[in-house]
Amino acid sequence: MYRKNALAAGVAAALALGSVTMVVTQSAAAPRSHGAAADSAADPGAGFRAMTPDTRSGAIRAAERGTAATARALGLGPAERLVVKDVLIDADGARHVRYDRTYSGLPVIGGDLVVHLAKDGKITGSDLAHQGAVKVAGTTPKLSAADASAKAVKHARHVRKAKAAGKDSTLVVYAVGKVPVLAYRSTVTGAGEAGPASREAVIVDATSGTLLDQYELHQSITGTGNGVTSGQVSIETTQTGSGYTLTDAAHGGTVVYDSYNSPQSNPKQNARAFSKTTNSWGNGTTSSRESAAVDASYGLAKTWDYYKESFNRSGIRNDGRGAPAYVHVDSGLLNAFYDDTCFCMFFGDGSSQNGNTPVTALDVAGHEMSHGVTSATANLNYSGESGGLNEATSDIFGTMVEFYANNAGDPGDYFIGEKLNMSGGYMRRMDNPSADGNSLSCWRSGAGSVDVHYSSGIGNHFFYLAAEGTGAKTIGGRSHNGTTCNSDTFAGIGKDKAAAVWYRALSAYMTSTTNYAGARTATLQAAADLYGTNSQERYLVSKAWAAVSVGTALPDPGNGTPTPTPDPTDPPTGNALTNGSFEQGTSGWTQSDDIITNSPLQPAHGGSWYAWMMGYGTSAIESVSQSNIAVPSTGTPKLTFWLKVSTQESGSTAYDTLKVKVNGTALATYSNANASAGYVQKTVDLSAYKGQTVKLEFAGTEDAYLSTIFLLDDIAIG
């Protein structure tokens, strides 16, 4: 979703470990120099040192600028090009850049490599799947794609009754062996272990048709699940032979096993995989052992998707690997837990205290998987105040997963385990933690000696207040009341922004021994990174900490209370546009890309939705438009909107532009030269279109160097 996580000048909004996926239109415009930030033919580390990227997205951008110089430094041939795949950033600032290779535009199988750089951008080493330059005699094959497909069918080993089409055969350079060769990679389908539509990759020499390599391709299949707490949901499964297993290939190969009541001391002792001949799982009750497995599979997939879409995190360790999960652990176990030593999760069946309801609810699955994320980032010690923060982190993100899933049978709220039939109606609640008689709502001396499940209340209470503010609310059909420890009242910044602040603090600033005072410092820095040092968001984060007796509130920066999210009933009085505030998402608008968003990575002017245009740092065009708009026939009609421009460009030259068009005619143009610290209201006269029905379009164009972000919000015609 968040494909435009550019490192814009003056805006440190990119999350740690965030990356981008983008679709852009390439431009043939001649390159221009941007001084030190431009690629250096002599120094492959110049881009890193010039941009000093402190996020994964910025590091990727810097690496992309230096690909030609890096290729030369590694002694690659003139026909070879490097394509940045990923960047790993160490705590000391060192970087490890992973590349794929192309040869004369063809993918190179076995051409991947990793380049290691010191903090100052100097190359310290490299690891190459294929040592040295890649070179083949030519890139014109003797075999046609159809010939290659026929050869691939004959060579297929993992599927029966194989077939392949010429369009499924791609010309590549195969560099797995010592001598690279021109080859075809074909996808063959047929009956196999994954069922009648099993797939196999077959690679043959493009000259002789000789077999070079072959391997199975697995894909996830959507099945129907009936969970105890999640209801009827879709789950991802894998077809194997004549049956199916609870293996989710779409989420890192996550597998759900039946522990068969193995003891908690050895929960894998009797474990076996779930498998059956049909792809419908569970009956919604505990009479089927599959029902709890459905809940676990569904919850873990939703947790994966939440982290991916919110922070571009691919699984617990951000390595694309799914952790196995075991349900039906022990007997009468009212607990669930994550074990980093085996990289796996375990869920009990509940006990008489909760009507023997399996502990596999959506927020519980999110809670346990988030323990793994904490282990992979701050690695908060599971004792003292850091242990409370560890538990709070899992409650926070388990709650966010519940909101994200938007399951009608388990709507988002700030109660933990409310679907587990506990006698009090929940395991914990974040708006008023001490209501359970054990949890702490306010920090106090000695909080570190309290059980971590109860000292977590301080962090939970902070998060609720930061997200929702004070006062009574009904959320997810449940009554919430944001009371404070200092009798203060204030508004919240919204749950998505609060979660973005917590995630950045966790992944960028917290350490294993961070306590609540340290968490306050970390979140204030994170809020400054995301929204600005003098932002209202940072101020309200400090207010929320003071409200749970951790530190004092910062001085009010004077920006006023953030505009609350309006009731989505656009168009408002006098606005000829539909959904001008974007609070109804994409309703009424046509967009060329995922432009309309509620991403916490950038601020909205009002509410939480806005239009994020451009910010790629490479050649791109995109637009957002609305048709059939009736311009008022009386008075002096005008278009008004709020615009925020952030850029890496400098000077007054308009390199990147945003045009306001009516019926295809540009009435106003804004550019990187219009950069602003915040939103600025713009007005365009529409008198020439009085009484007409028109199309309004915002059209963005970005050149090949340095990024400019245009944020649009609260658009009106009247």
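Just so we're clear, the structure is a prediction, and the values are computed from it rather than from any experiment.
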key: Arg313 and Tyr503: CA distance, side-chain angles, deciding distance, side-chain hydrogen bond (donor to acceptor under 3.5 Å, both in side chains) verdict   = CA-CA 11 Å; Arg313 187 178 191 89; Tyr503 180 81; 3.0 Å; yes

Residue pair Ser375 / Asp340, side-chain donor-acceptor N/O under 3.5 Å = yes

ask   = Under 3.5 Å, is there a donor-acceptor pair linking the side chains of Asp112 and His130?
value = no

message = For the aromatic rings, using the six-membered ring if either is Trp, is the centroid distance between Phe403 and Tyr414 under 6.0 Å?
response = yes

inquiry  = Looking at Ile596, is its backbone amide N or carbonyl O close enough to the side chain of Gln591 to form a donor-acceptor pair, meaning the two atoms are under 3.5 Å apart?
reply    = yes

ask   = Any chance the side chains of Thr247 and Thr245 put a donor and an acceptor closer than 3.5 Å?
value = yes

query = With no hydrogens and no angle check, is any side-chain donor or acceptor of Ser297 less than 3.5 Å from a backbone partner on Ala293?
reply = no

remark   = All heavy atoms of Tyr326 vs all of Ser259, minimum pair found to be CB-CB, 4.3 Å

query = When you look at CZ of Arg317, are more than 12 heavy atoms from neighbouring residues, nucleotides or ligands closer to it than 6.0 Å?
reply = yes

query = Yes or no on side chain to side chain contact (heavy atoms under 4.5 Å, CB included) for Tyr257 and Val327, after CA distance, side-chain angles and deciding distance?
reply = CA-CA 6 Å; Tyr257 295 93; Val327 297; over 6 Å; no

query = Just by modelled atom types, is the Val359 backbone N or O under 3.5 Å from a matching donor or acceptor in the Lys419 side chain?
reply = no

query = Is a side-chain donor or acceptor of Ser262 paired with a backbone partner of Asn270 at a separation under 3.5 angstrom?
reply = yes

request  = Please check if the side chain of Asp395 supplies one atom and the backbone of Asn460 the other of a donor-acceptor pair under 3.5 Å.
outcome  = no

message = Checking the side chain of Thr357 only, and the main-chain atoms of Asn354 only, is there a donor and an acceptor separated by less than 3.5 Å?
response = yes

Cation-pi geometry met for Lys497 and Tyr531 (6.0 Å, 45°) = yes

Contact check, side chains of Ser230 and Asn407, non-hydrogen atoms, under 4.5 Å = yes

request  = Determine, step by step, whether Ile109 and Ile203 satisfy the side chain to side chain contact (heavy atoms under 4.5 Å, CB included) criterion, reporting the C-alpha distance in whole Å, the side-chain angles of both residues, the deciding distance to 0.1 Å, and the verdict.
outcome  = CA-CA 10 Å; Ile109 297 175; Ile203 301 170; 3.7 Å; yes

query = Cut-off 3.5 Å, side chains only: do Tyr610 and Asn598 have a donor facing an acceptor?
reply = no

message = Applying ring pair (Phe, Tyr, Trp, His ring centres under 6.0 Å) to Phe347 and Phe337, what does each step give before you reach the verdict?
response = CA-CA 7 Å; Phe347 301 88; Phe337 54 97; 8.7 Å; no

Shortest non-hydrogen contact between Val97 and Ala63, atoms and distance = CG1-CB, 3.7 Å

key: Polar contact flag, side-chain donor to acceptor under 3.5 angstrom, Asp363-Thr399   = no

note = Correct closest heavy-atom pair for Thr222 and Asn279 would be O-ND2, 3.3 Å

request  = Take the angle between the ring planes of Phe463 and Trp502 and call it parallel below 30°, perpendicular above 60°, tilted in between.
outcome  = perpendicular

key: Pair Trp281-Thr224, side-chain donor/acceptor within less than 3.5 Å   = no

request  = Apply the test side chain to side chain contact (heavy atoms under 4.5 Å, CB included) to residues Asp349 and Asp330: give CA-CA distance (whole Å), side-chain angles for both, the deciding distance (0.1 Å), then the verdict.
outcome  = CA-CA 8 Å; Asp349 280 336; Asp330 217 321; over 6 Å; no

inquiry  = Over 60° means perpendicular and under 30° means parallel, so tell me whether His328 and Phe274 are parallel, tilted or perpendicular.
reply    = tilted

task = Working to the nearest 0.5 Å, report the span between CD1 of Ile123 and OG1 of Thr70.
result = 5.0 Å

request  = Answer yes or no: is there a donor N or O on one side and an acceptor on the other, between the side chain of Asn515 and the main chain of Ser386, under 3.5 Å?
outcome  = no

message = Against the six-membered ring of Tyr244, is Lys276 placed for a cation-pi contact (under 6.0 Å from the centre, within 45° of the normal)?
response = no

ask   = So His371 and His367, would you call those rings parallel, tilted or perpendicular, with 30° and 60° as cut-offs?
value = perpendicular

task = Check whether any side-chain heavy atom of Arg101 lies under 4.5 Å from a side-chain heavy atom of Arg81, and answer yes or no.
result = no

request  = Inspect the contact between Lys119 and Asp92 and indicate whether a charged nitrogen and a carboxylate oxygen are less than 4.0 angstrom apart.
outcome  = no

inquiry  = Can a side-chain donor-acceptor contact be found between Ser383 and Asn381 if the only test is distance below 3.5 angstrom?
reply    = no

message = Do the side chains of Glu391 and Arg428 get close enough for a salt bridge, i.e. N-O under 4.0 angstrom?
response = yes

ask   = Are Arg289 and Tyr260 in a cation-pi contact, defined as NZ or CZ under 6.0 Å from the six-membered ring centre and within 45° of the axis?
value = yes

message = Main chain of Ala250, side chain of Glu236: is a donor-acceptor contact present, judged purely on distance under 3.5 Å?
response = no

inquiry  = Would Thr374 and Asn379 count as a side chain to side chain contact (heavy atoms under 4.5 Å, CB included) here? Give the steps.
reply    = CA-CA 5 Å; Thr374 296; Asn379 196 26; over 6 Å; no

query = Is it true that Phe397 and Tyr307 have ring centroids separated by less than 6.0 Å?
reply = yes

